[in-house]
Structures are given as C-alpha cells and as structure tokens.
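One structure is given here, and the rest of the page talks about it.
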Amino acid sequence: MVGSSWGDPQNPLEPANTNEVQGGKVLDMVFRGLKRYDPKTGEAKDMIAESIESEDSQNFTVKLKDGWKFSNGEDVTAKSFVDAWNYGAHLKNNQKNAYFFGYIEGYDKVHPEKGDATAETLSGLKVVDPKTFTVKLTQKFSTWPETLGYPSFAPLPKAFFDDHAAWLSKPVGNGPYTIKSYQKGSKMELRKWDGYKGDDKAENGGVDLKVYTDNNTAYTDLMAGNLDLVDDVPASQLKNVKSDLGDRYINTPAGIIQTLAFPFYDKKWDKAGAEKVRQGLSRAINREQITDTIFQKTRTPAKDWTSPVLGEDGGYSDSACGEWCEYDAAEAKKLVEEGGGIPGGTLKISYNADTGSHKEWVDAVCNSINRALGNDKACVGNPIGTFADFRSQASQQKLDGAWRAGWQMDYPLIQNFLEPNYYTDASSNDGKYSDKDFDKLINEANGETDAAKAVTKFQDAEKILAKDMPAIPLWYQNGSAGYSDRVSDVALNQFSVPVYEEIKVN
C-alpha cells in the first residue's frame, strides 16, 4: 500500500458536491467520466465516451464505449450520466457544483436564481438508447466536450438513488480504486479494483490517505519513514527539501494563478484613470524577488491571466500582460500619479489569516509597492480571521481596496480562466468588473467551432484585461511533493494532484 498525506473533504463525496482538492483526490481515484485529462499534457481524452459529436456546437450526441461497469456490478449506461447530471443540477439537492450544468438547456427551470424549481429534469438531456444520449446547450460552446473531464460530470450508479445514505457512507464508482473504509479525522483506505475496465489500471494494491491537520507533521512522518507521499511540502521546509529528498522532491507548474482583485462596485476604483493606478501598482510589484525569496521558486512570476500548463496552443501567452507585469519603480510612480493616486491614499490588501502563510507575501507585496512609490503608507495588509469569513466578505462585495484572489483551473481551457472571473456577473467575478467588448469576445469565442480561432478570440478578450487591469496577475503556483524511497513513478498532474494509480511500491 501507498501511504499519502490528506485532509478530510469538506462535503460528502457526491461528484457534483466536491469543489475542493482533498475530496477531488478521492473522486479522481474512484470515478471515470466521459473524458479524462491526460496527467502529463492536460489534453481531454475520451475515456467512457466513444464519441461526442456536434454539427452546430450547441446540440451534441454522446455515444459510450461498451463494457464499462461500476464496482458493484451495475453497467455504466447513458442513464447513469443523465440521472447524475439531473441530480447535480437540481436546486433541492444543493450541490456545490450545480452551476457546471448551467450551459445545458432547462437549467433555469431546475435551478432558478429565485424561488422553487419548476421542472425535475434538464430539458436539454435525452436518453436515446443504453449507450447514447443527447445534450442541447443554451448557447454555442464548441469546447464544451473538453469540460467533461471535470469530476462533476461523473456517472452515478442506480445504488446512489436507491439508498442514498448507504452510498454516502461507502461511495461506489467506476474508477481504478474502490473505497474500503473511511474514518473521518483519521484515514481513508482505497484498494485496487481488479474489475476495472480502463487502460489506466492501478499499479499498486491500494492507497491509504492519512489525515493531517498540519503539513509539517506530515513532512516529519515522511522523513521518519512513516509516510510515502506528501503532496504539499510546507513553506518552512522549502529551504532544505532538496538536501532532504534529492530527486524525490517534485516542483512542477500547476494550473493555478494568484492575483490581486479590485472592487469595481466601488466608484473610486471604477472611474476614468483608475486603470492607470492599477497598472502602476502592478509595475510596483517585484515578482521575481518575491517568488525567489519567499516562495523559494515554487511560484513563477505571472505574464498573463491563465497558466503556462495550457501551453501556447491552449491559450497561454507570455506577453499578454507585457510591460504591466514588469517591475519598474519609476514607471509605477508615474502611472499612479497620472491616474490620480491610490483612492483614499492607502491600498488595503485583504487576505485570510488562518491558513496558507499569506501574511508573508502580502507584506512583501506592500513593501515592494511602498518602496517603488516612495511612501511607506501606500500599501498595508488587512488580515481577516478565517477563510470562510474572508470568502463571504469577498463574495458579498464587502471588501474595500484589493484582496488576494486567484484561480485553480477546473479544466485546462483558457475559457475557464477568463469567463468565470471577468465576464459580467459571472460566478467568481467578486469584484463585479464588467466590459461589453470583453463579454462579446468571450461569447464569440465560445461559439467558434475552430479551436485555434476560439483561442485567438479568448486572447483578444485577454488584451482588454491588460488595458483595464481588473486583477493584477502575481504568479503561477507550482505543485510541490516529496516521496519516500519505498515508492517510484510518482508524478503530479496539471491540477497538482498525485497520479496515484501510476505509483509503484518498490
């Protein structure tokens, strides 16, 4: 068995109810969907899908491969997907990721913004036969099939609906592992499923996910030989991790960007000239220095609003932010002055104080801004007690000044970095930024059937972000992990999650 560090999931392990990393790790082992993101390239490859075809980028026909089963012996059918998606979308089931089904016709009836649902199922989903179903979207979205590797789109067995409580206590899926046991606060035991149909069978007998509330303790256990894998090396150990582990330390780019977001709901930040202030503040941040000294090179200075893991074909651009992401104290000062100065005289950067050692880098960003502008009161950190309180203030537009923001991709598409964060009234657009031209380009890109043309349109939309600077790109986050000499073939995928099924026990 492989012993790996872990944290208790926030919610029960229903696929459409898991939107955090710890639960996601389990779903990635227990479920397989229509597509799967290649752990090395991020490409969305057909898994259970035999084909997903459309002539108009709005109506899709999905055909399934033969022979796929759930670990309880049930067949994986078109109904397994349609029932799961209808469950995930419906208001009464209160699933965290319901909005992922928002592109499917009829979502507004099963999950209205106000009041009760007026339909039980999505009108855009139809089962044609046991191996075929059709999907109608509310708009053209040519790259929609690429989103289907996200765990929310996993199929569910009949057992999920027949005895929901029993399923929740021991989830049944169709992936390379089955869940043997789970003791909250202690560990989850996963075991290789010999009946698994896919070509990515587990190379080990199973994985024991051990719960740690402090990653320093996990690291100590790894060094003592009591653990095989830590997939979150603590910041305090980054200085000596290379000498501790040598080439058993992994530091690879992940689909995560960190930014500073601004309140466009506050007129002071949404008036003419304010974009110059934001551009000036961006130029006042010495990203190279901060990523080297504080993050020990486990972050990379950002050059756009996406992530390098997308690659150039996928929409990453090392020039989208251009000079605005380059440190230049004199230019920074000039821009801030031209824009009328920082509203209120001081920029407050809010962050949650409970986890993630954000204080260190926020202080470093403020020091950099203060030095560049020659004013030790230009920027101050504003700690907020807990992550929950911080997020609720951000999502209810209660923060003034800037705040730590960022994005971990749901699927490797430029669309996923831009639309949820900057489209008018989008689900994660907490700053309420809005630009008609940006929205228009996003809509056109979504409707574009040629993938390369779609990417070019998304990049045109990104040029508007450089002009308006609704959020300052700071750095891309790397995945960092360390492992024992008892295991080999350890790698992180592009979501910075270990590829558990490839790990071999020596």
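Only a predicted model underlies this, so the values are computations on that prediction, with no experimental measurement involved. Counting begins at 1 with the first residue of the sequence.
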task = Would you check if there is a donor-acceptor pair between the side chains of D304 and Y316 at a distance under 3.5 Å?
result = no
key: CA sep, side-chain torsions, deciding dist, call: K467, E275, salt bridge (Lys or Arg N to Asp or Glu O under 4.0 Å)   = CA-CA 7 Å; K467 181 172 67 71; E275 74 284 351; over 6 Å; no
request  = Could you tell me whether F495 and W407 have their ring centroids closer than 6.0 angstrom?
outcome  = no
query = Do the side chains of Q139 and S57 get nearer than 4.5 Å, heavy atoms only?
reply = no
ask   = Picking from N204, L209, V2, D208, what satisfies side-chain contact (heavy atoms from CB on, under 4.5 Å) with L190?
value = L209
key: Exceeds 12 heavy-atom contacts within 6.0 angstrom, atom CD of E338   = yes
request  = Measure the shortest side-chain to side-chain distance between I342 and L373 over non-hydrogen atoms and say whether it is less than 4.5 angstrom.
outcome  = yes
ask   = Roughly how far, to the nearest 0.5 Å, is the CG atom of L413 from the OG1 atom of T143?
value = 5.0 Å
message = When you compare the side chain of N367 with that of R371, does any pair of heavy atoms fall below 4.5 Å?
response = yes
task = For the pair D228 (side chain) and S4 (backbone), establish whether a donor and an acceptor sit closer than 3.5 Å, ignoring hydrogens and angles.
result = no
ask   = Please walk me through it: do I257 and F417 pass side-chain contact (heavy atoms from CB on, under 4.5 Å)?
value = CA-CA 9 Å; I257 185 172; F417 283 92; 4.2 Å; yes
ask   = Q258 and side-chain hydrogen bond (donor to acceptor under 3.5 Å, both in side chains): which partner among W361, Y476, W475?
value = W475
key: From CA spacing to verdict: side-chain hydrogen bond (donor to acceptor under 3.5 Å, both in side chains), Q10, Q22   = CA-CA 8 Å; Q10 198 177 348; Q22 306 305 339; over 6 Å; no
message = If the threshold is 4.0 Å, N to carboxylate O, is there a salt bridge linking D460 and K463?
response = yes
key: T298 versus N478, side-chain donor and acceptor atoms under 3.5 Å   = no
ask   = When you measure from the side chain of S186 to the backbone N and O of Q183, does any donor-acceptor pair fall under 3.5 Å?
value = no
request  = Taking all heavy atoms of C366 and all of G381, pick out the closest pair and write down the distance.
outcome  = SG-N, 3.9 Å
request  = Walk me through it: do S488 and N506 pass the test side-chain hydrogen bond (donor to acceptor under 3.5 Å, both in side chains)?
outcome  = CA-CA 7 Å; S488 61; N506 302 333; 3.1 Å; yes
ask   = Quick one: CD on E419 to OG on S427, what's the gap to the nearest 0.5 Å?
value = 8.5 Å
query = So, does Q397 use its side chain to make a donor-acceptor pair with the main chain of S395 at under 3.5 Å?
reply = yes
ask   = Counting only N and O atoms by type, is there a donor-acceptor contact under 3.5 Å from the side chain of E462 to the main-chain atoms of W305?
value = yes
query = Can you check whether F31 reaches P15 side chain to side chain, under 4.5 Å on heavy atoms?
reply = yes
task = Give a yes or no answer on whether the side chain of N429 reaches the backbone of K432 with a donor-acceptor pair at less than 3.5 Å.
result = yes
message = So which atom in Y265 and which in L399 form the shortest heavy-atom distance, rounded to 0.1 Å?
response = OH-O, 2.5 Å
side-chain contact (heavy atoms from CB on, under 4.5 Å), paired with L227, selected from Y219, Y212, Y483 = Y212
query = When you look at NZ of K271, are more than 12 heavy atoms from neighbouring residues, nucleotides or ligands closer to it than 6.0 Å?
reply = yes
inquiry  = Test your reading of the model: is there a side-chain donor-acceptor pair from T18 to the backbone of E14, 3.5 Å cut-off?
reply    = yes
ask   = ring-ring contact (aromatic ring centres under 6.0 Å, His included) between F101 and Y107: does it pass, once the steps are laid out?
value = CA-CA 7 Å; F101 305 100; Y107 181 76; 7.7 Å; no
inquiry  = I'd like to know whether D231 forms a salt bridge (Lys or Arg N to Asp or Glu O under 4.0 Å) with K25, so could you lay out the CA-CA distance, the side-chain angles of the two residues, the decisive distance to 0.1 Å, and finally the verdict.
reply    = CA-CA 11 Å; D231 64 357; K25 288 173 189 172; 2.6 Å; yes
ask   = Would D410 and N416 count as having a side-chain donor-acceptor pair, cut-off 3.5 Å?
value = yes
message = Looking at every heavy atom in both D244 and R248, which two are closest together, and how far apart are they?
response = O-NH2, 4.4 Å
request  = Classify the angle between the aromatic ring planes of F153 and F100 as parallel (below 30°), tilted (30 to 60°) or perpendicular (above 60°).
outcome  = perpendicular
query = To the nearest 0.5 Å, what is the distance between CD (Q296) and CG (N240)?
reply = 9.5 Å
request  = Would you mind reporting whether R32 and R36 have side-chain heavy atoms less than 4.5 Å apart?
outcome  = yes
query = Is there a donor-acceptor contact under 3.5 Å from the side chain of N493 to the main chain of P498?
reply = no
ask   = With distance as the sole test, does N93 use its side chain to make a donor-acceptor pair with the main-chain N or O of G88 at under 3.5 Å?
value = no
K184 NZ: over 12 foreign heavy atoms closer than 6.0 Å = yes
ask   = Stepwise, does the side-chain contact (heavy atoms from CB on, under 4.5 Å) test hold for I285 with I290?
value = CA-CA 9 Å; I285 298 167; I290 295 169; 4.2 Å; yes
message = Is it true that, when you exclude E312 itself, more than 12 heavy atoms of the residues, nucleotides or ligands shown sit nearer than 6.0 Å to its CD?
response = no
ask   = Which distance, rounded to the nearest 0.5 Å, do you find between the CG of D38 and the NZ of K45?
value = 4.0 Å
request  = Specify whether Y103 and F141 have parallel, tilted or perpendicular ring planes, treating 30° as the upper limit for parallel and 60° as the lower limit for perpendicular.
outcome  = tilted
request  = Drop me the distance from S480's OG to D232's CG, to the nearest 0.5 angstrom.
outcome  = 6.0 Å
ask   = Between S496 and Q408, does a side-chain contact (heavy atoms from CB on, under 4.5 Å) hold up when you go through it step by step?
value = CA-CA 10 Å; S496 77; Q408 176 161 8; 4.2 Å; yes
Enclosure of K303 NZ (heavy-atom neighbours >12, cutoff 6.0 Å) = no
query = Is there a side-chain contact between F262 and L281 (heavy atoms, below 4.5 Å)?
reply = yes
query = Is there side-chain contact between N215 and S5, with heavy atoms separated by less than 4.5 Å?
reply = no
query = How far apart are the C-alpha atoms of N446 and K140, what are their side-chain angles, what is the distance that settles it, and do they pass the side-chain contact (heavy atoms from CB on, under 4.5 Å) test?
reply = CA-CA 6 Å; N446 279 335; K140 290 188 176 204; over 6 Å; no
query = If only atom types and distance count, is the side chain of D389 paired as donor or acceptor with the main-chain N or O of G385 below 3.5 Å?
reply = no
query = In terms of the angle between their ring planes, are F387 and F390 parallel, tilted or perpendicular, with boundaries placed at 30° and 60°?
reply = tilted
note = Interatomic distance, NZ@K504 vs CG@D489, rounded to 0.5 Å, equals 4.0 Å
task = Using modelled atom types only, decide if a donor and an acceptor are shared between the side chain of S282 and the backbone of R278 within a distance under 3.5 Å.
result = no
query = With side chains defined as the heavy atoms from C-beta onward, is the minimum distance between I384 and Y351 less than 4.5 Å?
reply = no
Heavy-atom neighbours of D313 CG exceed 12 at 6.0 Å = no
